[in-house]
2 protein chains.
Amino acid sequence: MLPLSQTTGYAVRALRCLQEPGGLPVLVEEVAEYTGIPRSYLSKLIHKLAKKGLVVARRGHHGGVVLARPSTEITLEDLSEAIDGVAWRKRCLMGLLGCGGDAPCVLHDFWQETLEQILARLRSVTLADLVQNHDDGVDRFRANHGLAGPLSEPPQGAPTVPLATASGH
Amino acid sequence: MLPLSQTTGYAVRALRCLQEPGGLPVLVEEVAEYTGIPRSYLSKLIHKLAKKGLVVARRGHHGGVVLARPSTEITLEDLSEAIDGVAWRKRCLMGLLGCGGDAPCVLHDFWQETLEQILARLRSVTLADLVQNHDDGVDRFRANHGLAGPLSEPPQGAPTVPLATASGH
DNA sequence: ACCAATGATGATCTTCCGGTAATCTAATGT
DNA sequence: ACATTAGATTACCGGAAGATCATCATTGGT
């Protein structure tokens, strides 16, 4: 019933807790605690985002998760597409059978335009834009982790073991 | 993922097969055949719409279904509301926890506006507007049943047993 | 009265999404 | 090597939406 699934919402909340590429990795565990997203579910979600190249996850000692791209280069559309795919954008609003190029329904054009507006907006909003404007505990989290209000440069007390920004697969 | 559920789409397709109030009742069975909506599922759907006062259904000999209001007075929003309710309109696009009056998310205003546009559109489109503009078999159906292109007056070969336009419960 | 026509209803099934728990596996420090 | 610390993976649970089937209940015709 909404253009973004609950899980995409989770992705937004979760990624807001991460550091810029090259920054210190944050534990899935911590993110789960601060966002209220169930740990195991979050783990899968993170993994999915990692496969799509949006974050880098690393296991073992000093493992954790870091953004794979600067927060200014991760849009809401990226997240939506990574999680919910793209198929839903192509269906007739009312599910009319013959609705298509040759015989569009009365709402066809309206819906195309509306969708375009929505997608344009999702494209124009980046993770960096989402860093403020809410109070769900993440700000506190960011403070505790030395992250400035708006996502900033990686902190000076730099990573002992910086994670690669992109891994082969 | 879309503002209208599949079932609401069904409702649109189904109601396009019905006659104006006072017209001849059409069988659920027939509607199911012509629209491809599963018979039993459609039956329940019709029942739901009947409870909401959008159609009148009658069982037994010469039973069937008829619109309870003129097609010009049944909007898409009526159908959407009857079937999917209204709760989904109130949620934050991204499911952010604190998103509300005091601390709206970056997309809050955009989403409010977009939703308003969508709802306005659903309100402005009536069943009568939906009668043409597609080719899903319903036009053939309407022809077979003496229904003009756009929904028109009830045919002259009038109902032997017209259904009441509104029933107590 | 009875029967046939016709919508209503309840039980059940499938699929998808969100969620949980247990276990596996990779990375690291010692 | 080995223990510890992480994320990854697998199996399963539960609810909602969509769908099916069998059966019930009402109505009109005879």
Side-chain angles (χ1 to χ4, degrees), chain A residues 1-2 4-11 13-14 17-18 24-33 35-51 55-66 68 80 83-85 87-88 91 95 159-164 167 169, chain B residues 1-2 4-11 13-14 17-18 24-33 35-51 55-66 68 80 83-85 87-88 91 95 159-164 167 169:
Chain A
M1 230 80 143
L2 292 175
L4 297 184
S5 68
Q6 180 171 339
T7 304
T8 298
Y10 282 174
R13 288 201 247 160
C17 299
L18 304 186
L24 278 170
V26 173
L27 303 187
V28 167
E29 176 62 34
E30 288 181 281
V31 175
E33 269 175 39
T35 59
I37 303 168
R39 185 182 180 284
S40 263
Y41 193 61
L42 177 59
S43 177
K44 287 176 198 166
L45 169 53
I46 293 284
H47 183 60
K48 204 169 195 175
L49 296 176
K51 279 194 296 187
V55 302
V56 176
R58 175 127 125 192
R59 356 191 209 192
H61 271 182
H62 299 125
V65 191
V66 171
S80 164
I83 292 162
D84 297 323
W88 62 276
R91 295 201 298 256
T160 14
V161 185
L163 300 186
S167 63
H169 158 60
Chain B
M1 229 81 144
L2 293 174
L4 297 184
S5 69
Q6 182 172 338
T7 304
T8 298
Y10 282 174
R13 288 201 248 160
C17 299
L18 303 186
L24 277 170
V26 173
L27 302 189
V28 167
E29 175 63 34
E30 287 182 281
V31 174
E33 268 176 39
T35 58
I37 303 169
R39 185 182 180 285
S40 262
Y41 194 62
L42 177 59
S43 176
K44 287 174 193 164
L45 169 54
I46 292 284
H47 183 61
K48 203 169 195 173
L49 296 176
K51 279 194 298 187
V55 301
V56 177
R58 178 127 124 191
R59 0 190 204 190
H61 269 181
H62 299 123
V65 190
V66 172
S80 165
I83 292 163
D84 297 322
W88 62 277
R91 295 199 299 254
T160 16
V161 186
L163 300 187
S167 65
H169 154 68

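A note on names: the letters A, B, ... follow the listed sequences, proteins ahead of strands, and every chain is numbered from 1. Here the structure is a predicted model, which is why all the values come from computation and not from measurement.
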Hey, could you give me the [atom1]/[atom2] distance between [X] and [Y], rounded to the nearest 0.5 Å?
X: A/Ile46; Y: A/Ile37; atom1: CD1; atom2: CD1; answer: 8.0 Å
X: A/Leu4; Y: A/Ile83; atom1: CG; atom2: CD1; answer: 9.0 Å
X: A/Leu42; Y: A/Cys17; atom1: CG; atom2: SG; answer: 9.0 Å
X: B/Gln6; Y: A/Arg91; atom1: CD; atom2: CZ; answer: 8.0 Å

Can you check the [X] [atom1] to [N] [atom2] distance for me, whole Å?
X: B/Leu27; N: C/dA8; atom1: CG; atom2: C1'; result: 15 Å
X: A/His47; N: C/dG19; atom1: NE2; atom2: C1'; result: 18 Å
X: A/Lys51; N: D/dG7; atom1: NZ; atom2: C1'; result: 14 Å
X: A/Leu45; N: C/dC17; atom1: CG; atom2: P; result: 14 Å
X: A/Arg13; N: C/dG18; atom1: CZ; atom2: P; result: 12 Å
X: A/Leu49; N: D/dG7; atom1: CG; atom2: P; result: 14 Å
X: B/Leu24; N: C/dT6; atom1: CG; atom2: P; result: 12 Å
X: A/Leu2; N: D/dA17; atom1: CG; atom2: P; result: 13 Å

So does B/Arg58 get a side-chain nitrogen or oxygen closer than 4.0 Å to the phosphate oxygens (OP1/OP2) of D/dG28?
-> yes
B/His62 side chain near D/dG29 phosphate (N/O to OP1/OP2, under 4.0 Å) = yes
Could you encode protein contacts along nucleotides 18-26 of chain D as a string, one character per nucleotide from 5' to 3', using B for base contact, S for sugar-phosphate-only contact and - for no contact, with a heavy-atom cut-off of under 4.0 Å?
-> SBBBB--BB
Considering residues at least two apart in sequence or located in another chain, which fulfil the side chain to side chain donor-acceptor pair (under 3.5 Å) criterion with [X]?
X: B/Glu33; result: none
X: A/Arg39; result: A/Glu29
X: A/Ser80; result: none
X: B/Ser43; result: none

Picking from D/dG7, C/dT9, D/dG28, which would you name as closest to the side chain of A/Val28?
-> D/dG7
Of B/Val66, B/Leu24, B/Leu49, B/Val55, the one forming a side-chain contact (heavy atoms from CB on, under 4.5 Å) with B/Leu18 is B/Val55
End-to-end axis angle, where each axis spans five pairs of the helix from C/dA1-D/dT30 to C/dT30-D/dA1, to 10° | 10°
